[in-house]
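Residue numbers begin at 1 in each chain, while the letters A, B, ... track the order of the sequences.
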Protein chains: 2
Amino acid sequence: MRLTTKGRYAVTAVLDLAFHQGKGPVSLAAISERQCISLSYLEQLFAKLRRNDIVSSTRGPGGGYSLQRNAAEISVSDIILAVDESVKMAGCGDSDACDGDYQCLTHDLWQELSNEIREFLDGISLAEVMTNQKVKEVSIRQDAVSASA
Amino acid sequence: MRLTTKGRYAVTAVLDLAFHQGKGPVSLAAISERQCISLSYLEQLFAKLRRNDIVSSTRGPGGGYSLQRNAAEISVSDIILAVDESVKMAGCGDSDACDGDYQCLTHDLWQELSNEIREFLDGISLAEVMTNQKVKEVSIRQDAVSASA
DNA sequence: CTTAATCCCGACTATTTTAGTCAAGTATTA
DNA sequence: TAATACTTGACTAAAATAGTCGGGATTAAG
């Protein structure tokens, strides 16, 4: 499990999607403007999110992305794992370095903690984040600015 | 809050230190051998850990590093934050991009979740990780291999 | 049917971070 | 004093991040 700015972008974008999908699919252009993430970068992220069945797409004018499941059934870890796909940890990850059998066990030591973190994030759904008072306030403020622009 | 391989190395190294500091300070060379992390990289990490008052150093023969506080009083987040020091998040982090005042609020949205994660990791002390059964087993196995080598 | 909005895809790139190496110190103890 | 071990700084190869660019494919609307 990793927490990087990439995952942060993804969580923020999907959160924006969740807030605005009331009136049909949400375009990446709209998310890009509201969240200030470059369109091309969003395209890369959403390609992975689509491959991992978190969002689905509708093409053509008026199209965009929708959540594939209910916001209550999408966890924060789902999003982060989808976007971080190929995590080949450096060091003695896969049975080749440190010549011996169990000489180097960095991986195992960290794994325990990593699991706890994943379980924790697995327990937080998009819907729960959306009910957070501060998050709600920010979302409302963003809509106000977008509308006046 | 970020979770990267750098933080993982740091947590693993300090954990190794905690397990072996019974007989005085632990040398980086010993940690390097046991955990298979390059000595020079450990030097960089421990310089930051020392600056953040997590470990203290003893010079000269038989020297090495010791925990500055009790293992129960060092949280996992302490270690990760010490090592990740300068986290200048990309994007609209600091009031310059997106011209307006509150146009871009990516930062705030993510912040809420990030805080929850930090609080979670803040609640996990080194001592607690050490009592984890699997972690203990790995540590014992490592000592056995080190001794026979 | 054409046009425009939108997703889709691949190649390319600048910058930053990771994970080191190397060399020259300084402090301490045996 | 010599060996041990920490300390610092400069440098570097490789990867990840955060994009850009340019072209498609689909489809709703006019």
Side-chain angles (χ1 to χ4, degrees), chain A residues 2-10 12-13 17 20-21 23-33 35-51 55-66 68 80 83-93 97-98 104 106, chain B residues 2-13 17 24-33 35-51 55-66 68 80 83-93 97 104 106 110:
Chain A
R2 299 190 311 159
L3 282 185
T4 64
T5 54
K6 192 177 199 170
R8 175 191 129 199
Y9 279 129
T12 308
L17 171 53
H20 293 92
Q21 72 170 356
K23 328 160 200 91
V26 181
S27 75
L28 291 189
I31 298 177
S32 170
E33 203 187 338
Q35 302 306 334
C36 206
I37 305 171
S38 97
L39 185 57
S40 325
Y41 198 46
L42 278 178
E43 280 173 356
Q44 285 173 45
L45 296 179
F46 275 77
K48 290 185 179 179
L49 292 171
R50 199 171 55 86
R51 267 185 250 124
V55 298
S56 58
S57 64
T58 314
R59 291 162 93 130
Y65 285 93
S66 320
Q68 215 168 88
I80 292 174
V83 154
D84 269 345
E85 268 175 342
S86 66
V87 258
K88 38 176 176 176
M89 291 280 200
C92 321
C98 284
C104 170
T106 312
Chain B
R2 299 190 314 160
L3 281 185
T4 64
T5 54
K6 192 176 199 173
R8 175 190 129 199
Y9 279 128
V11 171
T12 309
L17 171 54
V26 181
S27 76
L28 290 189
I31 298 177
S32 170
E33 202 187 336
Q35 303 305 334
C36 206
I37 305 171
S38 99
L39 185 57
S40 322
Y41 198 45
L42 278 178
E43 281 170 357
Q44 284 175 46
L45 296 179
F46 274 77
K48 291 186 179 180
L49 291 171
R50 198 172 57 85
R51 266 185 251 125
V55 300
S56 57
S57 64
T58 314
R59 291 160 93 129
Y65 286 92
S66 319
Q68 215 168 87
I80 293 174
V83 153
D84 270 345
E85 268 174 344
S86 67
V87 256
K88 37 177 179 178
M89 291 280 198
C92 320
C104 169
T106 312
W110 172 259

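B:S32 places a side-chain N or O within donor-acceptor distance of the main-chain N or O of B:I37, the cut-off being under 3.5 Å.
If you take CD of A:Q44 and C1' of C:dC8, they are 12 Å apart, rounded to a whole angstrom. Going from atom CG of B:L49 over to atom C1' of D:dC6 covers 14 Å, rounded to whole Å. One atom, NZ of B:K48, and another, P of C:dA19, lie 12 Å apart when rounded to the nearest Å. As rounded to whole Å, 10 Å separates atom P of D:dG19 from atom CZ of A:R8. The separation between B:I37 atom CD1 and C:dG20 atom C1' is 12 Å, rounded to whole Å. For the pair B:L3 CG and C:dT18 P, the computed distance is 12 Å after rounding to whole Å. With rounding to whole Å, B:L42 atom CG is found 11 Å from C:dA19 atom C1'. What separates CG of B:L39 from C1' of D:dT7 is a distance of 12 Å, to the nearest Å.
Residues forming a side chain to side chain contact (heavy atoms under 4.5 Å, CB included) with A:R59 (at least two apart in sequence, or on another chain): none. Checked against salt bridge (Lys or Arg N to Asp or Glu O under 4.0 Å), A:R50 has no partners two or more places apart in sequence or in another chain. Residues satisfying the side chain to side chain contact (heavy atoms under 4.5 Å, CB included) test with B:Q68, not counting sequence neighbours, are B:D53, B:S56.
In this structure, A:S27 reaches the sugar-phosphate backbone alone: every heavy-atom distance under 4.0 Å involves primed, P, OP1 or OP2 atoms, never a base. Counting non-hydrogen atoms under 4.0 angstrom, B:F46 reaches nothing in the nucleic acid. Residue-level contact check: A:S38 touches the backbone only, with heavy atoms under 4.0 Å from sugar-phosphate atoms and none from bases.
Which of D:dT20, C:dT21, C:dC7 sits closest to the side chain of A:E43 comes down to C:dC7. When distances run from any side-chain atom of B:L28 to the nucleotides C:dC7, D:dC6, C:dT18, the shortest one goes to D:dC6. Each of D:dT7, D:dC21, D:dT17 was ranked by its minimum atom distance to the side chain of B:R50; first place goes to D:dT7. Here the nucleotide nearest the side chain of A:T5, chosen from C:dG20, C:dT18, D:dT17, is D:dT17. The side chain of B:T4 sits closest to C:dT18 out of C:dT18, C:dC7, D:dT17.
Regarding contacts with the backbone of C:dT18, a side-chain N or O of B:R2 is found under 4.0 angstrom from either OP1 or OP2. B:Y9 has no side-chain polar atom (N or O) that falls below the 4.0 Å cut-off from OP1 or OP2 of C:dT18. For B:Y41, a side-chain nitrogen or oxygen approaches OP1 or OP2 of C:dA19 to under 4.0 Å. For D:dT8, the OP1/OP2 oxygens have no side-chain nitrogen or oxygen of B:R51 closer than 4.0 Å. The phosphate of D:dT7 (OP1 or OP2) has a side-chain N or O of B:S57 nearer than 4.0 angstrom.
A tilted orientation is assigned to the rings of B:Y65 and B:F46, their planes being inclined by 30° to 60°.
Between atom CD of residue A:E33 and atom OG of residue A:S27 there is a gap of 9.0 Å, rounded to the nearest 0.5 Å. Interatomic distance, CD1 of A:I80 versus OG1 of A:T4, reported as 8.0 Å (0.5 Å rounding).
Closest approach of B:R2 and B:D84 over heavy atoms only: NH2-OD1, 3.2 Å. Considering every non-hydrogen atom in both B:A10 and B:V83, the closest pair reads CB-CG2, 3.4 Å. Closest non-hydrogen pair, A:G63 versus A:P25, comes out as C-CB, 3.9 Å.
Residues B:T58 and A:G7 each lie close to DNA chain D; by heavy-atom proximity, the contact nearer the 5' end of the strand is made by B:T58. Along DNA chain D, the nucleotide nearest A:K6 and the nucleotide nearest A:G62 are compared for position; the residue whose nucleotide lies closer to the 5' end is A:K6.
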Just the table, please: protein N/O against nucleotides 26-28 of chain C N/O, every pair under 3.5 Å.
from   : atom 1 : to    : atom 2 : distance (Å)
C:dT26 : O2     : B:R59 : NH2    : 2.9
C:dA27 : O4'    : B:R59 : NE     : 3.0
C:dA27 : O4'    : B:R59 : NH2    : 3.3

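Residues A:K6 and A:L45 meet the side-chain proximity criterion, which asks for heavy atoms closer than 4.5 Å.
For the helix from C:dC1-D:dG30 to C:dA30-D:dT1, the axis fitted to the five pairs at one end and the axis fitted to the five pairs at the other end meet at an angle of 10° (nearest 10 degrees).
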